[in-house]
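Here is the structure we will look at, set down as structure tokens.
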Protein chains: 2
Amino acid sequence: MADADLVRLGSLAEVVTLKAGAVLTREGDVAPYVFNITSGSLRVYKLLPDGRRQITGFLFAGDFLGLAIGEHYVFSAEAIEPTTVCRFRKGPFRALVESSSPLEHMLLHRTSHELAAAQNQMLLLGRKTAIERLASFLLDLPGHDPARPTAPGHVRLPMKRGEIADYLGLTIETVSRVLTRMKAKGIISMPSQSDLIVERPDLLRAHADGEV
Amino acid sequence: MADADLVRLGSLAEVVTLKAGAVLTREGDVAPYVFNITSGSLRVYKLLPDGRRQITGFLFAGDFLGLAIGEHYVFSAEAIEPTTVCRFRKGPFRALVESSSPLEHMLLHRTSHELAAAQNQMLLLGRKTAIERLASFLLDLPGHDPARPTAPGHVRLPMKRGEIADYLGLTIETVSRVLTRMKAKGIISMPSQSDLIVERPDLLRAHADGEV
DNA sequence: CGTTTAGTTGATTTTGCTCAACTGCCGTGG
DNA sequence: CCACGGCAGTTGAGCAAAATCAACTAAACG
């Protein structure tokens, strides 16, 4: 992306600061903004009327949100931890994108990647068992989290069990039981409830890939 | 998209004809081509080593395939019925896209839509019951199929039960049982195994939205 | 027609869910 | 400093939805 584009993007931006748990967008609301995350992390999810929740993704610094065309947001988004985002009015943002090929190119590139990730998640949700889902999750997580710890094999779990469950299409109890089973098998260890060490990456990988 | 772009696109294209069941791409193969479907329909899917299959989408005339960046295909694709596609070498195609803002804009627009659809499918796979999945499927299908019948309430099922099952994260037997249950409730009727009439769109919609 | 393949139906099993109790971890305040 | 309360997480028992296994029936096709 050219520097001139960044400057023009910057002139459109407003910075928004979010406390942990703050709601950024609600599914069905009119959608005047596009967001870019500056720091922290968000959960993006959809709800059914009875409260069942599917988290479609976790977003971290650098990620965009709300690019999809349409008058209304088709998802809700909340801050997981204290988070800052840049907010752009949709009209001027879109005008800028159309006038800037490199910017549009970057968005296409990112959106394609997100789509590929979404297809992996469909395989996970549609066809993998509980342990396979957890294994896939634990392997993918560090790759997305820019605040990942440096120690190899160390995975930070910034989200609660309920969020992991709603991301993987499971219940809290199943997530807990599967983690316990993985500990018993020596695949992982957990120094604390939000810090996890992969002891046997080979076994974790085998589970994630559904190898029997 | 400007006419000049279409002409330049056309000069890059090779037409490929596929018999029903023919394989267009195989997950993991090197990916030299981007495709655009001219007629017919494709199933796009991912496999686990033991044969479990998740169909991530059905594609129809006009749809693009293989846009995702990367050396290798990350999905397999097969023709459901006799199908023709336009094939573009990736290098020249990408060069053209970068030089044509309207073309890139269209691709971003389409990819964003596909991503939104993928997120709906995650909600379906992660949180909906079997009958809710079928209801959602029956409501969405006509919107995607350009060869849809004109009669309102009439849904063409060009794919087999096994494909519906692998798209919805269910088994063939469950799909069959749920359709039977829907018939018993008077929500649908089926003049033939591949033609379905929605008798109670209201009830179907209520089920699809997970209303209790 | 007879054969093959797709689809349906039934009996049984399994995986993960539900409901419920219990444990550990903090934070607050007496 | 410890007692209490609240929340997150774990564990257990029983249950239910969908999977599996197994006939059986209906279309499709030569």
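By convention in this document, chain letters (A, B, ...) are assigned in the order of the sequence lines, proteins followed by strands, and residues within each chain are numbered from 1. Just so it is clear, the model here is predicted, and its values are computed rather than measured.
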Taking [X] for its side chain and [Y] for its backbone only, find out whether a donor-acceptor pair lies under 3.5 Å.
{"X": "B:Gln54", "Y": "B:Asp166", "result": "yes"}
{"X": "A:Asn36", "Y": "A:Gly62", "result": "yes"}
{"X": "A:Lys128", "Y": "A:Gly210", "result": "no"}
{"X": "A:Arg87", "Y": "A:Val15", "result": "no"}

Check residues 168-176 of chain B and write down every donor-acceptor pair under 3.5 Å in which the side-chain atom is one partner and the other belongs to a residue at least two apart or another chain.
{"residue": "B:Thr171", "atom": "OG1", "partner": "B:Thr174", "partner atom": "N", "Å": "3.3"}
{"residue": "B:Thr171", "atom": "OG1", "partner": "B:Thr174", "partner atom": "OG1", "Å": "3.1"}

> Listed in order of residue number, which residues of residues 162-175 of chain B have a non-hydrogen atom at under 4.0 Å from DNA chain C?
Replying inline: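 Contacts with DNA chain C under 4.0 Å: B:Ile172, B:Glu173.
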
> Of all of residues 122-141 of chain A, which get a heavy atom below 4.0 angstrom from DNA chain C, listed by number?
Replying inline: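 Only A:Thr129, A:Ala130 qualify.
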
>> Under the rule for salt bridge (Lys or Arg N to Asp or Glu O under 4.0 Å), what residues qualify as partners of A:Asp209, not counting sequence neighbours?
In response: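 Listed in chain order: A:Arg205.
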
>> Please report the interatomic distance CG(A:Leu48) to CG(B:Leu123), rounded to the nearest 0.5 Å.
In response: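 If I round to the nearest 0.5 Å, the distance is 4.5 Å.
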
>> For A:Thr17 and A:Thr84, which I'm curious about, is there any donor-acceptor pair between the side chains at under 3.5 Å?
In response: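 Absent: no donor and acceptor within the cut-off.
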
>> Going 5' to 3' along DNA chain D, which are the first and last nucleotides with any atom under 4.0 Å from a heavy atom of chain B?
In response: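 Counting from the 5' end, contacts occupy D:dA18 to D:dC21.
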
Counting only pairs under 3.5 Å, give me each side-chain donor-acceptor contact of residues 64-79 of chain A, with atom names and distances, residues two or more places apart or in other chains.
{"residue": "A:His72", "atom": "ND1", "partner": "A:Gly28", "partner atom": "O", "Å": "2.9"}
{"residue": "A:Tyr73", "atom": "OH", "partner": "A:Tyr33", "partner atom": "N", "Å": "3.4"}
{"residue": "A:Tyr73", "atom": "OH", "partner": "A:Tyr33", "partner atom": "O", "Å": "3.2"}
{"residue": "A:Ser76", "atom": "OG", "partner": "A:Glu27", "partner atom": "N", "Å": "2.9"}
{"residue": "A:Glu78", "atom": "OE1", "partner": "A:Arg43", "partner atom": "NE", "Å": "2.8"}
{"residue": "A:Glu78", "atom": "OE1", "partner": "A:Arg43", "partner atom": "NH2", "Å": "2.5"}
{"residue": "A:Glu78", "atom": "OE2", "partner": "A:Tyr45", "partner atom": "OH", "Å": "2.5"}

> What pairs of residues pass the side chain to side chain donor-acceptor pair (under 3.5 Å) test when at least one of them lies in residues 108-124 of chain A, not counting sequence neighbours?
Replying inline: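 As it turns out, the side chain to side chain donor-acceptor pair (under 3.5 Å) pairs with a partner in residues 108-124 of chain A, which skip direct neighbours, are A:Asn120-B:Lys46.
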
> What are the two closest heavy atoms between A:Cys86 and A:Thr38, and how far apart are they?
Replying inline: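 Closest heavy-atom pair between A:Cys86 and A:Thr38: N-OG1, 3.7 Å.
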
>> Once side chain to side chain donor-acceptor pair (under 3.5 Å) is applied, do any residues pair with A:Arg52, and if so which ones, sequence neighbours excluded?
In response: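 Only A:Asp50, B:Glu132 meet the side chain to side chain donor-acceptor pair (under 3.5 Å) criterion with A:Arg52.
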
>> Filter on ring pair (Phe, Tyr, Trp, His ring centres under 6.0 Å), then keep only pairs touching residues 164-186 of chain B, sequence neighbours left out; what's left?
In response: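 Passing the test, one end in residues 164-186 of chain B: B:Phe58-B:Tyr167, B:Phe137-B:Tyr167.
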
>> According to ring pair (Phe, Tyr, Trp, His ring centres under 6.0 Å), does anything in residues 192-212 of chain A pair up with another residue at least two apart or in another chain? List the pairs.
In response: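 As it turns out, there is no ring pair (Phe, Tyr, Trp, His ring centres under 6.0 Å) pair with a partner in residues 192-212 of chain A once direct neighbours are skipped.
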
>> At 4.0 Å (heavy atoms only), tell me whether B:Ser192 reaches a base, stays on the sugar-phosphate, or touches nothing.
In response: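 Touches nothing.
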
>> With heavy atoms of chain A within less than 4.0 Å as the criterion, where does contact along DNA chain C begin and end?
In response: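 In short, chain A contacts DNA chain C from C:dG16 to C:dC19.
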
> Angle, rounded to 10°, between the helical axes spanning five pairs at each terminus of the helix from C:dC1-D:dG30 to C:dG30-D:dC1?
Replying inline: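 Here the helix ends are tilted 30° relative to one another.
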
> Considering residues, nucleotides and ligands other than B:Lys90, do more than 12 of their heavy atoms fall under 6.0 Å from its NZ?
Replying inline: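 Counting other residues, nucleotides and ligands, NZ of B:Lys90 exceeds 12 neighbours.
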
